[in-house]
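Notes follow once the structure below has been shown.
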Amino acid sequence: MDANGFRAKQEAVRSLIVKARQYVSIRHVYLDRGFYQVHVVTELEQLEIDYIVRARPSKGMKDRLSAGAETVVDAYRMQRNRPPTAVADVTVFAVPHRTNEDDHVWFVTNLDVEPETARAYAAAFGRRWGIETSYRQIGDFLARTSSSD
């Protein structure tokens with residue numbers, strides 16, 4: 001998939017969610033920074049699904065972080081000004097980075113996030129990495145053989 005192809009990412013998200021909904025109930029969708037695009041967010045909104053997307057913080061986001069603040073929760077407008085244009089009103093939140101004290105991890109969501117619950121949502125997002133790692137490690141665990149049975 002083209003790294004900057006918003007149409008490809010938007011279509012991929014739509015088709016995966018539509019297909020998954022045929023088999024399971026989806027409570028939340030967690031997407032990494034590669035999907036932090038207004039077109040993907042608008043697609044998630046059209047699908048009426050709750051989401052958390054890891055964000056690349058803009059200067060406008062970082063300006064919301066006052067000196068010494070632990071967390072940030074604020075309304076935010078994502079927009080693309082070049083054609084095809086798009087706008088999405090979301091909630092942006094930031095929590096302190098686990099290992100780098102001077103840094104924060106940023107997210108956008110359509111969930112009702114409060115400063116008291118921001119860390120819990122960030123932790124839920126973080127648990128997805130354990131799932132991805134375990135799927136990758138399955139191939140490492142399987143025995144290698146050249147037997148036909």
Side-chain angles (χ1 to χ4, degrees), residues 1-58 60-62 64-65 70-80 82-100 103-149:
M1 192 179 327
D2 177 14
N4 295 318
F6 60 85
R7 284 193 179 106
K9 289 179 183 179
Q10 179 182 4
E11 291 165 8
V13 166
R14 172 175 276 291
S15 67
L16 288 170
I17 290 173
V18 168
K19 187 69 169 176
R21 279 182 166 166
Q22 293 175 2
Y23 302 100
V24 295
S25 172
I26 301 173
R27 285 193 331 194
H28 299 112
V29 171
Y30 302 103
L31 297 170
D32 64 20
R33 283 186 290 204
F35 291 91
Y36 176 64
Q37 296 176 347
V38 68
H39 289 88
V40 171
V41 169
T42 56
E43 191 67 42
L44 293 167
E45 294 283 349
Q46 288 176 3
L47 291 167
E48 297 179 353
I49 195 155
D50 291 337
Y51 61 85
I52 298 176
V53 181
R54 176 93 185 258
R56 286 185 215 99
S58 65
M61 284 183 188
K62 289 180 180 180
R64 297 163 192 266
L65 187 62
E70 283 283 318
T71 60
V72 172
V73 177
D74 205 357
Y76 185 72
R77 174 165 277 191
M78 292 178 68
Q79 58 188 23
R80 179 182 166 97
R82 291 175 288 153
T85 61
V87 173
D89 292 318
V90 297
T91 299
V92 63
F93 70 98
V95 297
H97 194 279
R98 283 184 316 140
T99 57
N100 185 351
D103 204 6
H104 282 74
V105 183
W106 293 81
F107 302 91
V108 294
T109 185
N110 63 343
L111 297 168
D112 292 327
V113 179
E114 299 294 330
E116 302 80 32
T117 59
R119 285 182 189 247
Y121 281 119
F125 183 91
R127 285 192 292 275
R128 70 184 275 276
W129 295 113
I131 295 167
E132 289 183 13
T133 301
S134 59
Y135 277 121
R136 268 195 308 275
Q137 291 176 341
I138 287 173
D140 296 339
F141 178 76
L142 296 174
R144 309 268 188 242
T145 182
S146 60
S147 172
S148 59
D149 29 289

Next item on the list: Determine, stepwise, if the pair D50 / R27 fulfils side chain to side chain contact (heavy atoms under 4.5 Å, CB included).
Entry: CA-CA 7 Å; D50 291 337; R27 285 193 331 194; over 6 Å; no

Next item on the list: Flag the pair W106 / V92 as yes when at least one side-chain heavy-atom distance between them is below 4.5 Å, and no otherwise.
Entry: yes

Check: When rounded to the nearest 0.5 angstrom, what distance separates OH in Y30 from CZ in R127?
Finding: 7.0 Å

Item checked: R77: side chain to side chain donor-acceptor pair (under 3.5 Å) partners, not counting sequence neighbours -> D89

Checklist line | Contact check, side chains of R54 and V105, non-hydrogen atoms, under 4.5 Å | finding: yes

Notebook entry, point to check: To the nearest 0.5 Å, what is the distance between CD (Q46) and CD (Q10)?
Noted result: 7.0 Å

Note to self: Applying side chain to side chain donor-acceptor pair (under 3.5 Å), can you list everything that pairs with R14, at least two apart in sequence or on another chain?
What the structure shows: E43

Checklist line | Passing candidate, side-chain contact (heavy atoms from CB on, under 4.5 Å) with T91, options V73, D74, V108 | finding: V73

Check: Any sub-3.5 Å donor-acceptor pair from T85's side-chain atoms to R82's backbone N or O?
Finding: no

Note to self: Please determine whether side chain to side chain contact (heavy atoms under 4.5 Å, CB included) holds for the pair M78 and V40, giving the CA-CA distance in whole Å, both sets of side-chain angles, and the decisive distance to 0.1 Å.
What the structure shows: CA-CA 11 Å; M78 292 178 68; V40 171; over 6 Å; no

Check: Where is the tightest heavy-atom contact between I26 and R21, given as atom of each residue plus distance?
Finding: CD1-CG, 3.8 Å

Notebook entry, point to check: Between CD1 of I52 and CG of D32, what distance do you get to the nearest 0.5 Å?
Noted result: 13.5 Å

When the side chains of residues 109-126 are checked against the rest of the protein, which donor-acceptor pairs come out under 3.5 Å, sequence neighbours left out?
unit_1, atom_1, unit_2, atom_2, d
T109, OG1, Y51, O, 2.5
T109, OG1, L111, N, 3.0
N110, OD1, Y51, N, 3.0
N110, ND2, I49, O, 3.1
T117, OG1, E114, N, 3.0
T117, OG1, E114, O, 3.1
R119, NH2, E70, OE1, 2.3

Checklist line | Minimal non-hydrogen separation, V41 against A88, with atom names | finding: CG1-CB, 3.9 Å

Notebook entry, point to check: Say you draw a straight line from CZ of R56 to CZ of R33; how long is it, rounded to the nearest 0.5 Å?
Noted result: 7.5 Å

Item checked: Any donor-acceptor N/O pair, K9 side chain to H39 backbone, under 3.5 Å -> no

